[in-house]
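Reviewing the structure listed below.
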Amino acid sequence: MTAEAEAGTAGAAGARGRIGSVALVIGGIVSLQFGASVAVLLFPRAGALGVVTLRLVAAALVLLIFCRPKVRGHSRGDWATVLTFGVALVGMNSLFYQALDRIPLGAAVTLEFLGPLILSVATSRRLMSLVWAALALGGVVLLGREGFDGLNLVGAGFALAAGGLWAAYILLSARTGQRFPQADGLALAMTVAAVLSLPLGIASAGSALLNPVTLGLGAAVALMSSVMPYTLELLALRKLPASGFAVMMSLEPAAAATAGFLVLHQALGWAEILAIGLVVIASVGAVRSVGAGSH
């Protein structure tokens, strides 16, 4: 095989790898947003912190059963990464659900997205990444504009803080994927997050957490909002740089709007459709830019 043929084969394999990573990220986003619609049903039953606890504990149990991660043989650096990842997971989820308890979903997702957006600009060295990030921001703000009227400042603060931890989650997820095989690191980090969330959930919801219907819905939320998206994203981050992944997160509010239309029958206006188009274009452009820069 000639050098040109080998280069062509390697390029094709790299392109397939990028497409596969994009598919994993999109699958995680769709699962997360439909899981959020189930979580809303649980708020009256267990409260925001109670739902977080149900979600994290159920997710940790599922991951521990299926991954059976090895506890021995890891360095101090490995454990430090897992512990930090676990803290970021429980903090990000708790803050975001507190925001959802106070402000509309569109506004919360828009404000939270500022974390990954800033990360994208900070970690990319290509000028076009700034263009795609600006385009994504314009779409996200357009999509969430109606939710900003009379916005609760405490809720907005929770969403912004969740966005900061979301950026940390992206970096820590990539680092965990490099240090641990398969989803072992995620299973250990989710266990840390579950243990940390237990006191908060018990203090908030108490015996309501043991209701069979609440437990069932909590398990569904865990699978759709934690197990599936976090596992898919962790696998994707092994081949997709953090900058490209962060801009692809601009699909989150678009997926939320679509889930609202399909599940909650919330009509989409022209502004919302335009916003979805902007973030999709930005996400595709970001991934193509990453691919062009890796040759």
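Atom set for the values below is all heavy atoms of this structure, side chains included, hydrogens, waters and symmetry mates excluded. Just so you know, residue 1 is the first one in the sequence shown, and it goes up from there.
- Between the Thr53 side chain and the Ser197 main chain, a donor and an acceptor come within less than 3.5 Å of each other.
- Counting non-hydrogen atoms of neighbouring residues, nucleotides and ligands closer than 6.0 angstrom, the CE atom of Met228 reaches no more than 12 such neighbours.
- Note on Val227: it clusters hydrophobically with Ile26, by side-chain heavy-atom contacts below 4.5 Å among ILVMFWY residues.
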Kindly list each side-chain donor-acceptor pair under 3.5 angstrom involving residues 163-174, sequence neighbours excluded, with atom names and distances?
from   : atom 1 : to     : atom 2 : distance (Å)
Tyr169 : OH     : Glu233 : OE1    : 2.5

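- Cluster membership for Phe180 and Val87, using ILVMFWY side-chain heavy atoms within less than 4.5 angstrom, is shared.
- Looking at Thr191, its side chain does come within 3.5 Å of a backbone N or O of Ala187 through a donor-acceptor pair.
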Verdict with supporting geometry, Thr176 and Leu186, side-chain contact (heavy atoms from CB on, under 4.5 Å) = CA-CA 7 Å; Thr176 301; Leu186 175 62; 5.6 Å; no
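- Note that CG of Leu89 and CE of Met92 are 5.5 Å apart. Values are rounded to the nearest 0.5 Å.
- Side-chain contact between Leu215 and Leu209: absent, with no pair of heavy atoms (C-beta onward) separated by less than 4.5 Å.
- Contact between Gly28 and Pro229 at its shortest, heavy atoms only, is O-CB, 3.3 Å.
- Between Leu64 and Pro69, the closest side-chain pair of non-hydrogen atoms falls below 4.5 Å.
- Thr214 and Ala46 get closest at one heavy-atom pair: CG2-CB, 4.2 Å.
- To the nearest 0.5 angstrom, Leu111 atom CG is 10.0 Å from Phe96 atom CZ.
- One hydrophobic cluster, built from ILVMFWY side chains closer than 4.5 Å, cannot hold both Leu49 and Phe158; they sit in different ones.
- Between Gly218 and Ala58, the shortest heavy-atom distance links the atoms O-CB, 4.4 Å.
- Put simply, the side chain of Arg55 reaches to within 4.5 Å of the side chain of Tyr97, judged on heavy atoms.
- Listed by first and then second residue, the salt bridge (Lys or Arg N to Asp or Glu O under 4.0 Å) pairs that reach into residues 177-201 are Asp78-Arg179, sequence neighbours excluded.
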request  = Any chance you could lay out the side-chain contact (heavy atoms from CB on, under 4.5 Å) test for Glu112 and Leu160, step after step, and finish with the verdict?
outcome  = CA-CA 5 Å; Glu112 189 190 27; Leu160 289 171; over 6 Å; no
request  = Show your reasoning for whether side-chain contact (heavy atoms from CB on, under 4.5 Å) applies to Asn211 and Arg45.
outcome  = CA-CA 9 Å; Asn211 180 277; Arg45 290 176 169 271; 3.5 Å; yes
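- Once rounded to the nearest 0.5 Å, the distance linking CG of Leu137 with CG of Leu278 reads 11.0 Å.
- Proximity of Phe66 to Val62: side-chain heavy atoms (C-beta onward) are separated by under 4.5 Å at one or more points.
- With values rounded to the nearest 0.5 angstrom, Phe85 atom CZ is found 11.0 Å from Arg175 atom CZ.
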message = Could you walk me through whether Trp79 and Leu188 satisfy the side-chain contact (heavy atoms from CB on, under 4.5 Å) test, starting with their C-alpha distance in whole Å, then the side-chain angles of each, then the deciding distance to 0.1 Å, before giving a yes or no?
response = CA-CA 9 Å; Trp79 283 115; Leu188 294 172; 4.1 Å; yes
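- Placement of Met224 and Val213 within a single hydrophobic cluster is found when ILVMFWY residues are connected by side-chain heavy-atom separations under 4.5 Å, directly or transitively.
- Residues Leu42 and Val221 meet the side-chain proximity criterion, which asks for heavy atoms closer than 4.5 Å.
- Side chain of Ser204 to main chain of Leu200: no donor-acceptor pair is present (N/O by atom type, distance under 3.5 Å, no hydrogens or angles).
- Contact between Ala60 and Ala194 at its shortest, heavy atoms only, is CB-CB, 4.0 Å.
- In plain terms, the two heavy atoms of Ala108 and Leu100 that are nearest each other are CB-CD2, 3.9 Å.
- Linking Ile, Leu, Val, Met, Phe, Trp and Tyr whenever their side-chain heavy atoms come within less than 4.5 Å leaves Leu32 and Val57 in two separate clusters.
- More than 12 heavy atoms of other residues, nucleotides or ligands sit less than 6.0 Å from atom CZ of Phe43.
- In this structure, Leu56 and Asn93 approach most closely via the heavy-atom pair CD2-ND2, 4.0 Å.
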